[in-house]
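In what follows, a single structure is set out as structure tokens and then discussed.
Every number for a ligand or one of its atoms is a count from 1 in the order of the listing. Predicted, not measured: the structure shown is a model, and the values here were computed from it.
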Amino acid sequence: MSTLLYIPVSARGAESHSRRAGADFLARLQGAMPGMRVITRDLGGDPLPHPDQIFVHAMLTPAEARNDAHHGALVMSEQLIGELEAADAVVIATPVHNFTVPSALKSWIDHVVRINRTFRSTPTGKIGLLKDRPLRVIAASGGRFGDDATAQRDFFEPYLRYLFSTVGIADIDMLRMELLTRGAEPLAAAYEKADAWMAAEVEKLTATLAPA
Ligand SMILES: Cc1cc2nc3c(=O)[nH]c(=O)nc-3n(C[C@H](O)[C@H](O)[C@H](O)COP(=O)(O)O)c2cc1C
């Protein structure tokens, strides 16, 4: 039985496009793999704290030298890393905020991407300590991203790809739902694109996670 970690990020509840698409994708995956276990970490509904002083001390103190306060400060981080380690696949459904990830997702990242826990730093670069697994990202944005003059510059996708490869996760596909605040036509086109993407991904993930 495989385990999926599902991470919705938007704070907009039922109004959220990324949540709507994420819930649709999750339902399709559960339909294709009925025994699948789902861990939900709702960052929009139940936001995480930002790193504070004791957390930073704790994460930078070698494990064997940590005191009780350090261990206490890392409990949430350990829980979140445990959820990620337990997952055979991960789905993040998130808005794009100010050209990159929303702060709710950045807090999760700061708890999970930890030196000497999920990556090591060496003279020749960082080495990821997590095993690779499929990560699928559904990203909703009001506008459009690209290289042409009228598009926004994208710090979302390159950032997430670089970040996750740092901890060892490179099997990444992203659905970009764009122009969601520009009227009915682009909105319908974004959901049409999402429908095709989800159908293809469900097939690929089912073949990987629950081979016949
Ligand atoms: C704080 C904030 C920042 C945003 N920044 C961007 C942005 O940089 N580019 C963009 O295209 N849309 C931006 N938007 C619009 C959202 O990406 C858009 O409303 C999207 O649908 C949000 O996802 P959701 O529907 O899942 O909540 C921003 C919205 C908010 C609230």
Side-chain angles (χ1 to χ4, degrees), residues 4-31 36 38-52 80 83-84 87 89-113 134-166 169 171-202 205:
L4 181 99
L5 173 59
Y6 175 54
I7 306 179
V9 179
S10 176
R12 297 202 312 130
E15 292 180 337
S16 158
H17 295 294
S18 58
R19 275 181 187 270
R20 185 172 146 195
D24 183 5
F25 190 40
L26 186 60
R28 293 188 197 204
L29 288 169
Q30 285 177 305
M36 189 175 70
V38 178
I39 302 170
T40 300
R41 171 56 62 181
D42 188 342
L43 301 179
D46 194 7
L48 297 169
H50 290 289
D52 58 9
L80 298 169
E83 290 170 1
L84 185 53
V90 182
V91 174
I92 298 176
T94 181
V96 178
H97 278 176
N98 293 311
F99 319 118
T100 188
V101 297
S103 58
L105 179 54
K106 183 60 167 54
S107 287
W108 180 86
I109 288 167
D110 291 339
H111 282 87
V112 162
V113 180
L135 166 65
R136 301 295 175 258
V137 180
I138 295 172
S141 58
R144 186 174 64 84
F145 289 85
D147 294 329
D148 55 298
T150 59
Q152 304 167 92
R153 195 159 152 200
D154 188 21
F155 297 90
F156 176 93
E157 186 160 341
Y159 168 67
L160 282 182
R161 287 186 184 278
Y162 185 78
L163 177 94
F164 278 104
S165 75
T166 300
I169 297 176
D171 178 355
I172 301 174
D173 275 346
M174 295 204 191
L175 166 66
R176 304 298 297 265
M177 296 178 73
E178 299 185 312
L179 297 169
L180 298 175
T181 56
R182 309 295 159 85
E185 216 170 288
L187 188 64
Y191 276 94
E192 216 169 288
K193 178 182 171 191
D195 182 48
W197 183 87
M198 286 182 206
E201 288 294 341
V202 168
L205 288 172

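Using a 4.0 Å cut-off between a side-chain N of Lys or Arg and a carboxylate O of Asp or Glu, Asp154 and Arg144 do not qualify as a salt bridge.
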Evaluate the salt bridge (Lys or Arg N to Asp or Glu O under 4.0 Å) criterion for residues Asp24 and Arg20: first the C-alpha distance (whole Å), next the side-chain angles of each, then the deciding distance (0.1 Å), finally the verdict.
CA-CA 6 Å; Asp24 183 5; Arg20 185 172 146 195; over 6 Å; no

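Summary of contacts: the protein heavy atom closest to atom 15 (C) of ligand 1 is Gly142 N, 3.7 Å. The protein heavy atom nearest to atom 19 (O) of ligand 1 is Thr181 CG2, 4.0 Å. The protein non-hydrogen atom at the shortest distance from atom 5 (N) of ligand 1 is Asn98 N, 2.8 Å. Summary of contacts: the protein heavy atom closest to atom 29 (C) of ligand 1 is His97 CD2, 3.6 Å. For atom 11 (O) of ligand 1, the nearest protein heavy atom (residue, atom name, distance) is Gly143 N, 2.7 Å. In terms of protein heavy-atom proximity, atom 8 (O) of ligand 1 is nearest to Phe99 N, 2.9 Å.
Trp197 places none of its side-chain heavy atoms less than 4.5 Å from the side chain of Met177.
Remark: ligand 1 atoms within the under-4.0 Å shell around heavy atoms of Phe145 are 9 (N), 11 (O). Interface atoms of ligand 1 facing Val96, defined by a heavy-atom separation under 4.0 Å, are 4 (C), 5 (N), 6 (C), 13 (C), 14 (N), 16 (C), 17 (O), 28 (C). Close approach of ligand 1 to Pro95 is summarised as follows: ligand atoms under 4.0 Å from at least one heavy atom of the residue are 22 (C), 23 (O), 27 (O). When each atom of ligand 1 is checked for a heavy atom of Ser10 under 4.0 Å away, the hits are 24 (P), 26 (O), 27 (O). For ligand 1 and Ser18, the ligand atoms under 4.0 Å from any heavy atom of the residue are 24 (P), 26 (O).
Stacking of Arg176 on the aromatic ring of Phe145 is recorded, both the 6.0 Å distance cut-off and the 45° axial limit being met.
No hydrogens or angles considered: nothing links the side chains of Thr40 and Asp42 as a donor-acceptor pair under 3.5 Å.
The CG atom of Leu205 sits 5.0 Å away from atom CZ of Phe25, with the distance rounded to the nearest 0.5 Å.
A search for side-chain contact (heavy atoms from CB on, under 4.5 Å) contacts involving Ile39 returns Thr3, Leu5, Arg37, Glu83, Ala86, not counting sequence neighbours.
Sparse packing is recorded around CG of Asp147, with 12 or fewer heavy atoms of other residues, nucleotides or ligands lying under 6.0 Å away.
Contact annotation: for Ala140 versus ligand 1, heavy atoms closer than 4.0 Å belong to both the backbone and the side chain. Under 4.0 Å from ligand 1, the heavy atoms of Arg12 that appear belong solely to its side chain.
Nearest to atom 7 (C) of ligand 1 by heavy atom, out of Gln152, Glu178, His17, Arg144, is Gln152.
Nearest approach of Phe156 to Pro95, heavy atoms of both residues: CE1-O, 4.1 Å.
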